[in-house]
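Computed from a prediction, not measured in an experiment: that's the story for all the values here.
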Amino acid sequence: EVQLVESGGDLVQAGGSLRLSCVASGFTFDYYAIAWFRQAPGKEREGVSSISSWDGATYYADSVKGRFTISSDNAKNTVYLQMNNLKPEDTAVYYCAAHRGLVNMQALWVFPNLYHYWGQGAQVTVSS
């Protein structure tokens, strides 16, 4: 059974940092792309960042470039999202998602329908 489990969500003050983890089980990261999405109350789910196992390419939403870093530890089947200089507008539930197979991630990574598997989410709250 494929599972994605997020952890690391918390309440933090603006300017602070958090690291989210997404642990995958039931598959290995060969030819998988993992992405982080977030959804704030009353808003649509939006892509935050993605990483592809086959070429290591990473992509970021403009709103988080320079502040967030995605990385993976394939030996641990874990993807991380390091979030620095957090802002109140980063407050959301953060989800990790997995896409199986080669695809043009540069063009497609932001579309939630691309992904086959989703985690349950981790709450990140940034106070001002």
Could you work out the complete set of other residues in the hydrophobic cluster of Leu11, with links drawn between I, L, V, M, F, W and Y side chains under 4.5 Å apart? none
Could you note down all residue pairs passing salt bridge (Lys or Arg N to Asp or Glu O under 4.0 Å) where residues 6-20 supplies at least one of them, sequence neighbours left out? none
Separation between CD1 (Ile70) and OG (Ser50), nearest 0.5 Å, reads 6.0 Å
How far does CG of Leu81 sit from OG of Ser71, to the nearest 0.5 angstrom? 8.5 Å
Heavy atoms only: give me the nearest Ser21-Thr78 pair and the separation to one decimal. CB-CG2, 4.3 Å
Please report the closest heavy-atom contact between Leu18 and Gly8, naming both atoms and the distance. CD2-O, 3.9 Å
May I have all residue pairs that pass disulfide (SG to SG under 2.5 Å) and include part of residues 55-90, sequence neighbours excluded? none
Working to the nearest 0.5 angstrom, can you tell me the gap between Trp36 CH2 and Leu20 CG? 4.5 Å
Enumerate the disulfide (SG to SG under 2.5 Å) contacts for residues 1-100, please, sequence neighbours excluded, ordered by first and then second residue. Cys22-Cys96
Which residues share a ring-ring contact (aromatic ring centres under 6.0 Å, His included) with Tyr32, sequence neighbours left out: Phe27
Summary of salt bridge (Lys or Arg N to Asp or Glu O under 4.0 Å) pairs that have at least one residue in residues 43-55, sequence neighbours excluded: Arg38-Glu46
Set of residues satisfying side chain to side chain contact (heavy atoms under 4.5 Å, CB included) with respect to Val126, sequence neighbours excluded: Val12, Ala14, Leu86, Pro88, Asp90, Thr91, Val124
CD of Gln120 to OG of Ser7: how many Å apart, nearest 0.5 Å? 13.5 Å
What closest approach, in Å, do Ile34 and Ala98 show between heavy atoms, and which atom pair accounts for it? CD1-CB, 3.5 Å
Excluding Leu114, membership of its hydrophobic cluster (Ile, Leu, Val, Met, Phe, Trp, Tyr; side-chain heavy atoms within less than 4.5 Å) reads Tyr31, Phe37, Trp54, Tyr59, Val93, Tyr95, Leu102, Val103, Met105, Leu108, Trp109, Val110, Phe111, Tyr115, Trp118
Exercise: do Tyr60 and Arg67 side chains pair donor with acceptor under 3.5 Å: no
Can you pull out every salt bridge (Lys or Arg N to Asp or Glu O under 4.0 Å) where at least one residue sits in residues 104-128? Sequence neighbours excluded, please. none
Nearest-0.5 Å distance, CD of residue Gln13 to OG of residue Ser128: 9.5 Å
Any disulfide (SG to SG under 2.5 Å) pairs touching residues 42-94, not counting sequence neighbours? none
Using a 4.5 Å side-chain heavy-atom cut-off and chaining through intermediate ILVMFWY residues, the residues clustered with Tyr80 come out as none
If you look at every heavy atom in Ala92 and Ala40, which pair is closest and at what distance? CB-N, 3.8 Å
Linking Ile, Leu, Val, Met, Phe, Trp and Tyr by side-chain heavy atoms under 4.5 Å, what else ends up with Val23? none
Do you know the tightest heavy-atom contact between Val48 and Val64? O-CG2, 3.6 Å
